[in-house]
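Step one of this worksheet: look at the structure below.
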Amino acid sequence: EVRARRLTAITQERQAWSERSSKAHEQITSLETRLKEATVALEEMADLPQHWQERREKLFSALGAAEKERNEAADALAKSEQALSECQTLAKRAEAAAAECREGHARIEERLSAARERASDATHRIEERLQTTPDKALELAQLKEGAELPERDAVEQRLVRLRAERERLGGVNLRAEEESVEIAEQLDTLVSEREDLVKAIHRLRQGISSLNTEGRERLVAAFDKVNATFETLFTTLFGGGKAELEFVESDDPLEAGLEIVARPPGKRTQVLSLLSGGEQALTAMALIFAVFLTNPSPICVLDECDAPLDDANVERFCNMLDEMLKMTDTRFLIITHHALTMSRMNRLFGVTMSEKGVSQLVSVDLETAESFREAS
């Protein structure tokens with residue numbers, strides 16, 4: 001048997017060496033072909049250095065001529081730029097003079113427009129007060145055209161005196177007493193309404209203050225309870241570490257934000273956004289379960305909450321569910337594709353398609369199955 005195995009091994013080695021020999025011959029043939037091709041290419045490129053040297057000399061000659069032309073063009077450009085600068089200076093001066101002329105013209109137009117408006121206002125005042133036109137005002141004042149006008153101060157004083165006498169005369173209002181009574185009644189009504197409104201505002205502010213105080217107390221109490229439960233669940237899920245909730249951005253709990261600060265085992269304290277995906281999922285579960293334990297409900301649905309977790313963390317998640325079942329009367333419905341999670345459930349529900357296009361709901365009671373297995 002040893003000799004037979006040895007002969008078999010020698011036969012296999014002989015075949016391997018034969019294959020290596022044939023491959024070596026093929027490689028030698030390929031290398032000889034490549035050597036011939038390289039020799040032909042080397043012969044073809046033997047004249048290239050001389051060709052490129054001649055072309056280089058021609059390019060240097062062309063470069064010198066182009067450099068000379070560039071210098072001449074640069075001189076011409078400098079002269080043109082100097083002429084352009086002088087032209088621009090003259091244009092700026094002309095624009096400044098034109099701007100001054102336009103400003104002077106605009107000022108004259110404004111003064112003319114103001115004078116026309118004053119003349120128009122004077123005409124309207126004459127027509128309203130004297131019921132006549134300006135050209136007939138002299139006749140109404142019993143003055144002749146071209147005669148010397150009286151002093152302006154004396155005329156204005158007389159006008160003021162006459163107006164004052166007219167104002168003192170005034171008009172007679174026969175309903176003044178009745179209007180006074182009506183206004184007094186309206187004033188009393190407004191004062192009464194204002195007092196009622198002030199009292200209502202005061203009561204509303206007291207109610208708001210009371211609601212805010214009660215809201216702060218309830219929020220702080222709920223926060224403390226959730227925070228304590230969250231710390232316990234976090235330590236249980238992670239097997240150590242510490243986590244807590246903090247109010248941020250304000251001292252008032254009703255206006256403050258909420259931040260999660262966690263320290264997994266072996267790491268430093270950091271905010272939730274800096275944790276890994278699995279750590280964030282476990283921390284979120286701890287917070288959700290903490291809120292749920294504070295105010296439990298009859299049914300809790302968890303959809304793919306174990307998807308970002310590895311097997312060890314899934315085991316911790318399942319253990320936490322078992323503890324939740326002991327502490328509450330809640331029924332947990334878990335949607336999952338993880339085999340470890342499904343193995344820890346009491347009952348499984350799934351959908352199968354034994355025939356194409358025909359779906360069937362299948363359920364398995366794992367507790368009953370275990371009891372049957374133990375009985376058998």
Side-chain angles (χ1 to χ4, degrees), residues 81-213 249-252 254-256:
E81 289 179 350
Q82 184 177 0
L84 177 61
S85 177
E86 294 176 356
C87 293
Q88 289 177 348
T89 303
L90 295 176
K92 289 181 180 179
R93 292 177 181 175
E95 289 179 356
E100 291 179 357
C101 293
R102 285 194 296 269
E103 290 177 358
H105 183 267
R107 286 194 294 270
I108 294 172
E109 288 289 341
E110 290 177 358
R111 292 174 61 186
L112 179 60
S113 177
R116 287 175 179 172
E117 289 180 359
R118 288 196 298 271
S120 177
D121 292 339
T123 302
H124 287 306
R125 288 198 300 271
I126 291 172
E127 291 176 353
E128 290 177 357
R129 296 182 181 180
L130 303 180
Q131 303 297 324
T132 185
T133 57
D135 55 351
K136 296 181 180 180
L138 291 175
E139 297 180 1
L140 185 62
Q142 298 179 357
L143 296 174
K144 295 181 180 180
E145 187 175 355
E148 184 177 358
L149 296 176
E151 294 183 0
R152 181 176 178 179
D153 294 337
V155 174
E156 289 183 351
Q157 290 177 1
R158 183 182 178 189
L159 180 61
V160 170
R161 179 173 55 80
L162 293 175
R163 285 179 178 174
E165 292 178 356
R166 187 187 65 181
E167 292 295 335
R168 282 196 298 269
L169 291 175
V172 179
N173 186 5
L174 301 178
R175 297 187 68 256
E177 187 175 355
E178 296 177 0
E179 292 177 356
S180 176
V181 174
E182 293 176 358
I183 292 173
E185 292 177 354
Q186 293 177 1
L187 179 61
D188 294 338
T189 303
L190 292 175
V191 170
S192 176
E193 291 178 352
R194 179 182 178 277
E195 292 177 354
D196 295 340
L197 183 60
V198 170
K199 293 179 181 178
I201 292 173
H202 182 67
R203 289 195 300 269
L204 182 60
R205 288 178 177 174
Q206 288 181 344
I208 293 173
S209 177
S210 176
L211 289 175
N212 288 338
T213 302
E249 298 178 358
S250 178
D251 295 333
D252 189 355
L254 297 179
E255 298 179 0

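What you are looking at is a predicted structure, and each value in this text was computed from that prediction instead of being measured.
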Validation: residues 201-213 side-chain donor-acceptor distances under 3.5 Å, sequence neighbours left out:
| from | atom 1 | to | atom 2 | distance (Å) |
| --- | --- | --- | --- | --- |
| His202 | NE2 | Gln206 | NE2 | 2.7 |
| Asn212 | ND2 | Ile208 | O | 3.3 |
| Thr213 | OG1 | Ser209 | O | 2.8 |

Can I get a per-line list of side-chain donor-acceptor pairs under 3.5 Å for residues 81-96, giving both atom names and the distance, sequence neighbours left out?
| from | atom 1 | to | atom 2 | distance (Å) |
| --- | --- | --- | --- | --- |
| Thr89 | OG1 | Ser85 | O | 2.9 |

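Only one option out of Arg116, His124, Glu117 pairs with Ser120 in a side chain to side chain contact (heavy atoms under 4.5 Å, CB included); it is His124.
Glu255 is linked by a side chain to side chain contact (heavy atoms under 4.5 Å, CB included) to Ser250, Asp252, counting only residues two or more places apart in sequence or in another chain. Remark: Arg161 pairs with Glu165 by the salt bridge (charged side-chain N to carboxylate O under 4.0 Å, His left out) rule, at least two apart or across chains. Residues that satisfy the side-chain hydrogen bond (donor to acceptor under 3.5 Å, both in side chains) test with Glu156, not counting sequence neighbours, are Arg152.
A salt bridge (charged side-chain N to carboxylate O under 4.0 Å, His left out) check over residues 180-190, counting only residues at least two apart or in different chains, returns the pairs Arg175-Glu182.
Atom CD of Glu193 sits about 7.5 Å away from atom CG of Asp196, to the nearest 0.5 Å. Distance check: Glu103 CD to Glu110 CD gives 10.5 Å after rounding to the nearest 0.5 Å.
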